[in-house]
Protein chains: 2
Amino acid sequence: MKLSKKGIYGLRAFVDLAVYSENEPVSLSSIASRQDISVNYLEQLIAKLKKADLVKSVRGVNGGYILAKPIEEISVGEILRALEGDLTPVDCPGIKSESQCESAKYCVSKTVWKKINDSINETVNQINFGELVKESKEMQKG
Amino acid sequence: MKLSKKGIYGLRAFVDLAVYSENEPVSLSSIASRQDISVNYLEQLIAKLKKADLVKSVRGVNGGYILAKPIEEISVGEILRALEGDLTPVDCPGIKSESQCESAKYCVSKTVWKKINDSINETVNQINFGELVKESKEMQKG
DNA sequence: CTATATCCGAGTATTTTGGTCGGATATTCA
DNA sequence: TGAATATCCGACCAAAATACTCGGATATAG
């Protein structure tokens with residue numbers, strides 16, 4: 001039951017990107033050096049963010065990445081889901097449709113798994129990315 | 001971010017145990033056949049539950065396992081923690097004490113990790129095991 | 001004394017994760 | 001045009017975690 005480094009490094013990198021990409025694209029190599037993550041590995045993480053339309057890329061010299069939309073419109077849930085896949089600790093077919101899971105009829109744990117899945121998603125969806133970035137900027141000033 | 005089969009099978013086995021152990025100890029082999037889990041693997045799971053004082057064992061012929069305390073006094077959180085270790089998706093030293101984590105000063109994600117950890121634990125702690133068993137019994141009747 | 005249990009540690013196979021590498025493509029700028 | 005600096009992409013590899021299996025010891029009822 002751990003969030004993998006994909007999620008942890010990825011969110012860190014995304015905060016970094018948000019902080020430094022206000023005026024121009026930020027290259028992976030600059031994020032990598034600030035955050036101490038290898039460029040090669042970062043590539044994989046950012047690819048997931050791009051696929052989820054959270055960042056846009058600018059190729060070529062002086063290229064890099066920029067945010068695809070205003071930070072206020074992004075939740076931490078979106079970011080983590082892009083990086084980690086869905087944040088449902090338990091894959092239980094019975095949660096979504098009654099009939100798919102053969103043991104669903106007698107599987108009482110279903111309600112437990114649903115509660116767990118819902119709570120984690122609600123939590124991360126409620127965390128606004130803009131707030132996080134704001135907080136981060138203030139930390140770096142002080 | 002997945003709950004492992006330890007947790008999933010373990011909780012299922014524990015519900016089974018609770019349902020069938022009202023009058024006499026339930027053997028692992030009977031749980032195993034009902035739940036379609038190998039006896040050998042179940043041994044490992046139940047060992048964790050025993051270590052956490054959630055079940056008691058009775059050795060020898062006609063032996064097996066019984067609950068160590070009334071089901072109403074058990075939360076799903078206790079069970080899952082016994083099986084999985086702590087249910088904190090992110091190990092971040094900065095959550096507990098400010099000084100331990102060298103990057104804590106600028107690590108804004110800390111608040112995110114704490115919210116995630118807290119929400120999952122609150123959720124599972126609030127689910128009463130007695131309710132679950134009751135629900136399960138009613139399902140089996142109908 | 002035998003059958004049926006729990007107990008326990010070691011070992012192995014599979015899957016997931018974390019990370020590297022090589023090379024293709026795009027773009028700027030001299 | 002060509003060199004430098006980027007993203008892009010798929011394959012690959014190593015390490016760690018997970019999901020088991022196995023063999024044998026110990027306990028106890030009948």
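Values below: every heavy atom of this structure, side chains too, minus hydrogens, waters and symmetry copies. Below, chain A is the first sequence line, B the second, and so on; all start at residue 1.
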Taking only side-chain N and O atoms of [X], does any of them lie within less than 4.0 angstrom of OP1 or OP2 on [N]?
X	N	answer
N62(A)	dA6(D)	no
Y65(A)	dC8(D)	yes
S38(A)	dT20(C)	yes
S4(B)	dA19(D)	yes
K50(B)	dC7(C)	yes
S57(A)	dC8(D)	yes

- Message: On the side chain of E43(B), is there an atom forming a donor-acceptor pair with the base of dT21(D) - under 3.5 Å, no angle test?
- Response: no

- Under 3.5 Å donor-acceptor pair, Q44(A) side-chain atoms to dT20(C) base atoms: yes

- Given that E84(B) and G60(B) both sit by DNA chain D, which one's nearest nucleotide is further toward the 5' end? E84(B)

- Query: Angle, rounded to 10°, between the helical axes spanning five pairs at each terminus of the helix from dC1(C)-dG30(D) to dA30(C)-dT1(D)?
  - Reply: 0°

- Task: Test Y65(A) against V58(A) for side-chain contact (heavy atoms from CB on, under 4.5 Å), laying out the working first.
- Result: CA-CA 6 Å; Y65(A) 293 88; V58(A) 180; over 6 Å; no

In whole angstrom, give the distance that lies between atom [atom1] of [X] and atom [atom2] of [N].
X	N	atom1	atom2	value
K48(B)	dC7(C)	NZ	P	15 Å
L45(B)	dA19(D)	CG	P	9 Å
L42(B)	dC8(C)	CG	P	17 Å
Y41(A)	dC9(D)	OH	P	19 Å
R59(B)	dT6(C)	CZ	P	10 Å

- Message: Testing Y20(B), Y9(B), F129(B) one by one against F14(B) for a ring pair (Phe, Tyr, Trp, His ring centres under 6.0 Å), which residue passes?
- Response: F129(B)

- Decide whether T88(B) and D86(B) meet the rule of one side-chain donor and one side-chain acceptor closer than 3.5 Å. yes

- For L28(A), report the nucleic acid contact type (base, sugar-phosphate, nothing); a contact means any heavy atom under 4.0 Å. sugar-phosphate

